Amino acid sequence: MAHGRVGRGLMGPLLVVNLMVNLIILGLAGWSLNKYIDGQQNHHHLGGNAATTFVLIFALLAGTLGAASVLAALRHMHAWRIESLASADSSATISWAVMALAFGLVWKEIRIGGRRGRRLMTLEVFVIISTFIQLLYLLLLHAGMFDNKYGPTYGRYRNAADDEHGGVTSTAQDPDKPNTSVAG
């Protein structure tokens, strides 16, 4: 099987779903926060409790970071090299961490209870779904650690000479071992 085909094939549809879920979170959290700022906490689609304000703020932040991390992921999908993995991984990790924080606040809001409107409950569901989608995406990003058929392999690089000779991937020199190659 070609280098990285399995991980790349799974990642494309997952990124589309992730982007759609983050856009839905942005829409619901933005609408709900706007109602809260306008003093309409008793709107029949909103409701809430003491944790609602925090949920809305962190869901809005997590949705924004999630949508931005999809852009880095799309760049990585296009390049599919170890160099682009760094930006995709760092943005995805930060995005997942903030979404996990929003996830914890959602569970706190659910546990407190009280009347919550339909849009607020929908937002809660999408935050929970997005947390697991982003975790799956992070696992797919790092699947190359285990086998190069899943993605770019750690410790490998490509240089201009490799690209001229058909894209052969070179292995990085281990810094702890002396170079034993004979120059000729």
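Computed from a predicted model, the values in this text were never measured in an experiment.
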Rounding to 0.5 Å, atoms OG1 (Thr122) and CD1 (Ile24) come to a distance of 9.5 Å
d(Leu123 CG, Thr52 OG1) to nearest 0.5 Å is 10.0 Å
Sorted by chain and residue number, the side-chain contact (heavy atoms from CB on, under 4.5 Å) partners of Ile133 (sequence neighbours excluded) come out as Leu14, Val17, Asn18, Val21, Ile129
Looking only at heavy atoms, the pair that brings Ser130 and Ile25 closest together is CB-CD1, 3.7 Å
Test item: Ile110 and Met121 side chains (from C-beta on) under 4.5 Å apart, heavy atoms: no
CZ (Phe126) and OG1 (Thr131) are apart, to the nearest 0.5 Å, by 13.0 Å
In short, salt bridge (Lys or Arg N to Asp or Glu O under 4.0 Å) pairs touching residues 121-130 with sequence neighbours left out are Arg116-Glu124
message: Quick check against the 3.5 Å criterion: does Asn49 have a side-chain atom that pairs as donor or acceptor with the backbone of Ile112?
response: no
The side-chain contact (heavy atoms from CB on, under 4.5 Å) partners of Phe54 (sequence neighbours excluded) come to Leu105
Residues 93-105 vs side-chain hydrogen bond (donor to acceptor under 3.5 Å, both in side chains), sequence neighbours excluded, gives Asp89-Thr93, Ser95-Gln134
Output a table of donor-acceptor pairs, distance under 3.5 Å, between side-chain atoms of residues 55-75 and any protein atom two or more places apart or on a different chain; print 'none' if there are none.
| unit_1 | atom_1 | unit_2 | atom_2 | d |
| --- | --- | --- | --- | --- |
| Thr64 | OG1 | Leu60 | O | 2.8 |
| Ser69 | OG | Gly66 | O | 2.9 |

Hits for side-chain hydrogen bond (donor to acceptor under 3.5 Å, both in side chains) against Ser84, two or more places apart or cross-chain, chain-then-number order -> His76
Discussion item. Any heavy-atom pair between the side chains of Val16 and Leu19 that's under 4.5 Å?
Written reply: no
Leu138 and Ala92 have their tightest heavy-atom pair at CD2-CB, 3.8 Å
Please answer whether the main-chain N or O of Ala86 pairs with a side-chain N or O of Ser90 as donor and acceptor at a distance below 3.5 Å.
yes
All heavy atoms of Trp107 vs all of Ile128, minimum pair found to be CZ2-CD1, 4.1 Å
Practice problem: Without swapping roles, check the side chain of Asp38 against the backbone of Gln40 for a donor-acceptor pair under 3.5 Å. | Solution: no
